[in-house]
Protein chains: 2
Amino acid sequence: MDTIGFEAHDHKGCVRDAIAAVEAHCTRHKLQFTPVRRRVLEILLSEHRAMGAYEILDTLRTEGLGSQPPVAYRALDFLVTNGFVHKIERLNAFIACTHPGQDHTPAFLICRQCDAVAEAHAEPSKGMLGRAAADTGFTIEQAVVEAMGLCPQCRESVHPCA
Amino acid sequence: MDTIGFEAHDHKGCVRDAIAAVEAHCTRHKLQFTPVRRRVLEILLSEHRAMGAYEILDTLRTEGLGSQPPVAYRALDFLVTNGFVHKIERLNAFIACTHPGQDHTPAFLICRQCDAVAEAHAEPSKGMLGRAAADTGFTIEQAVVEAMGLCPQCRESVHPCA
DNA sequence: CATCAGATGTTATGATATCACATATGGAGA
DNA sequence: TCTCCATATGTGATATCATAACATCTGATG
Ligand SMILES: [Zn+2]
Ligand SMILES: [Zn+2]
Ligand SMILES: [Zn+2]
Ligand SMILES: [Zn+2]
């Protein structure tokens, strides 16, 4: 199973495991997993959905962990840079990674109805894109792949228009 | 050749042809290709790069075609909706389509050094992404595919760090 | 002419993101 | 220990991107 996000799962365990994985990764790479950074990751993990920076900041504020935008953006920048969180460009929002610590290139399935987001695995330099890049001499370093559409649940509930 | 953008070409002709194609498409589909909409498309075509809405608005303003953000955003919305212009999510910017009028799903190669953008062709429901979607029952309606990296020219000029 | 849909003009505001500068903290080396 | 320095944080201000709301205009239809 590679893409979770549209199905029920052991949420408590998933949060715990993710935090543990990030902790281990930070120790190994001498990265500072500070309280704000940890808390931002926890918020994203516990909600399990894409959240805007200001929405995260609201929570931090009530907990006395920072009240100004740079606090949230700096923590998010750290988490994104190190691959623990991904930015969903289409939503200007952030979501916790489902494979923290592992080197991977994510792709996302975003439901336009309920905003649920599932992380899948993308092969960057394979397929059309890789061919086009190779043809033109372009060097791909990173890729944003975000599919919009309807998740299984919302697909059910949409009236058939017929 | 499917991806232009990193190479020299007949620019005058490319602008003329694109405008003509859009004009024809609008006539056929009873869409109003108004002065503001036409001018915004011309600006994007002539610059041949990704431009922010406010940058476009600056030009409109000097020409008396509108001075407030909604003017630019409404024109861009029309052009994007009808596939004559694409939004580059990663840059919060817009770029003229290189296949206007044709039904297609674009992918982009974006140079992080010089901000040049090339449009390529993506096959949405093929490959990893399509598989992941099919596995989970997700229905893909639209996709954002944007690769970041170095274009051929910038790749040359970057010092080797060695 | 009356009506209406679509396009535009304009003011204000909302949402997202960064700059700039002060302060704190903790480890490496003199 | 003390100094230095890199990294992280606190905070106010500001930049950048985008839309809401409402008035007005214009052309097509009947
Ligand atoms: Zn991930
Ligand atoms: Zn859904
Ligand atoms: Zn296109
Ligand atoms: Zn370049």
Side-chain angles (χ1 to χ4, degrees), chain A residues 22-23 26-27 29-41 43-44 49-82 84-95 110 115 144 146, chain B residues 22-23 26-27 29-41 43-44 49-82 84-95 110 112 115 117 144 146:
Chain A
V22 170
E23 218 159 32
C26 285
T27 301
H29 292 77
K30 297 199 195 307
L31 298 170
Q32 297 183 235
F33 195 38
T34 65
V36 184
R37 291 169 178 178
R38 169 187 290 263
R39 189 66 191 117
V40 169
L41 180 59
I43 292 168
L44 284 170
R49 63 186 174 88
M51 300 178 72
Y54 279 75
E55 195 182 353
I56 294 168
L57 183 58
D58 285 342
T59 301
L60 293 180
R61 188 175 290 129
T62 68
E63 300 172 352
L65 271 173
S67 59
Q68 303 301 322
V71 173
Y73 280 102
R74 285 195 284 233
L76 286 167
D77 182 62
F78 170 86
L79 294 168
V80 169
T81 297
N82 294 108
F84 307 140
V85 163
H86 302 297
K87 178 169 187 184
I88 309 295
E89 295 290 343
R90 186 59 192 254
L91 303 177
N92 291 320
F94 301 84
I95 192 166
I110 306 167
D115 283 333
V144 173
E146 298 173 359
Chain B
V22 171
E23 218 158 32
C26 285
T27 301
H29 292 78
K30 299 199 193 305
L31 299 170
Q32 298 184 234
F33 195 39
T34 64
V36 185
R37 292 169 178 179
R38 168 187 290 264
R39 189 63 192 117
V40 169
L41 179 59
I43 292 167
L44 284 171
R49 63 187 173 89
M51 299 177 73
Y54 278 73
E55 194 181 355
I56 294 168
L57 184 59
D58 285 342
T59 302
L60 293 180
R61 188 175 288 129
T62 68
E63 299 173 353
L65 273 173
S67 59
Q68 302 305 320
V71 173
Y73 279 101
R74 284 196 285 234
L76 287 167
D77 183 64
F78 170 86
L79 294 168
V80 168
T81 297
N82 294 106
F84 308 140
V85 163
H86 302 297
K87 178 168 187 185
I88 309 294
E89 296 290 345
R90 185 59 191 253
L91 303 177
N92 291 320
F94 301 84
I95 193 166
I110 307 168
R112 65 168 159 81
D115 283 332
V117 176
V144 173
E146 299 172 0

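Predicted, not measured: the structure shown is a model, and the values here were computed from it. Residue numbering restarts at 1 for every chain, and letters A, B, ... go by the order of the sequence lines.
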query = How far does CE of A/M51 sit from CG of A/D115, to the nearest 0.5 angstrom?
reply =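 If I round to the nearest 0.5 Å, the distance is 12.5 Å.
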
Distance in Å, A/E89 CD paired with B/L91 CG, rounded so as to fall on 0.5 Å steps =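 Here the interatomic distance stands at 8.5 Å.
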
Please report the distance, rounded to the nearest Å, between [atom1] in [X] and [atom2] in [N].
{"X": "B/R38", "N": "C/dA7", "atom1": "CZ", "atom2": "P", "answer": "16 Å"}
{"X": "B/Q32", "N": "C/dT8", "atom1": "CD", "atom2": "P", "answer": "7 Å"}
{"X": "B/L60", "N": "C/dT8", "atom1": "CG", "atom2": "C1'", "answer": "13 Å"}
{"X": "A/L79", "N": "D/dA8", "atom1": "CG", "atom2": "P", "answer": "12 Å"}
{"X": "A/M51", "N": "C/dA15", "atom1": "CE", "atom2": "P", "answer": "15 Å"}
{"X": "A/L76", "N": "C/dT18", "atom1": "CG", "atom2": "P", "answer": "11 Å"}
{"X": "A/D77", "N": "D/dT7", "atom1": "CG", "atom2": "P", "answer": "14 Å"}
{"X": "A/L57", "N": "D/dG10", "atom1": "CG", "atom2": "C1'", "answer": "12 Å"}

message = How would you summarise protein contacts on nucleotides 15-24 of chain D per nucleotide, using B for base, S for sugar-phosphate only and - for none, with heavy-atom distances below 4.0 Å?
response = --BBBBB---

key: Minimum-distance nucleotide to B/R37 side chain [options: D/dT11, C/dA7, D/dA8]   =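 The nucleotide sitting nearest to the side chain is C/dA7.
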
task = Among the candidates C/dG6, D/dT11, D/dT9, find the nucleotide nearest to the side-chain atoms of A/S67.
result =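 Ranking C/dG6, D/dT11, D/dT9 by closest atom to the A/S67 side chain puts D/dT11 first.
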
Between [X] and [Y], what is the shortest heavy-atom contact and its length?
{"X": "A/V85", "Y": "A/L41", "value": "CG2-CD1, 3.9 Å"}
{"X": "A/R39", "Y": "A/T59", "value": "NH2-CG2, 4.5 Å"}
{"X": "A/K87", "Y": "A/E146", "value": "O-OE2, 3.9 Å"}

ask   = Pick the nucleotide of DNA chain D nearest each of A/V71 and A/F78; which residue has the one closer to the 5' end?
value =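 So the residue in question is A/F78.
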
ask   = Is B/R74 salt-bridged to B/D77, going by a charged N under 4.0 Å from an acidic O?
value =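 A salt bridge is absent here (no side-chain N lies under 4.0 Å from a carboxylate O).
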
request  = Give me the one residue out of B/L60, B/T34, B/L57 that meets side chain to side chain contact (heavy atoms under 4.5 Å, CB included) with B/V40.
outcome  =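 Exactly one option meets the side chain to side chain contact (heavy atoms under 4.5 Å, CB included) with B/V40, and it is B/L60.
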
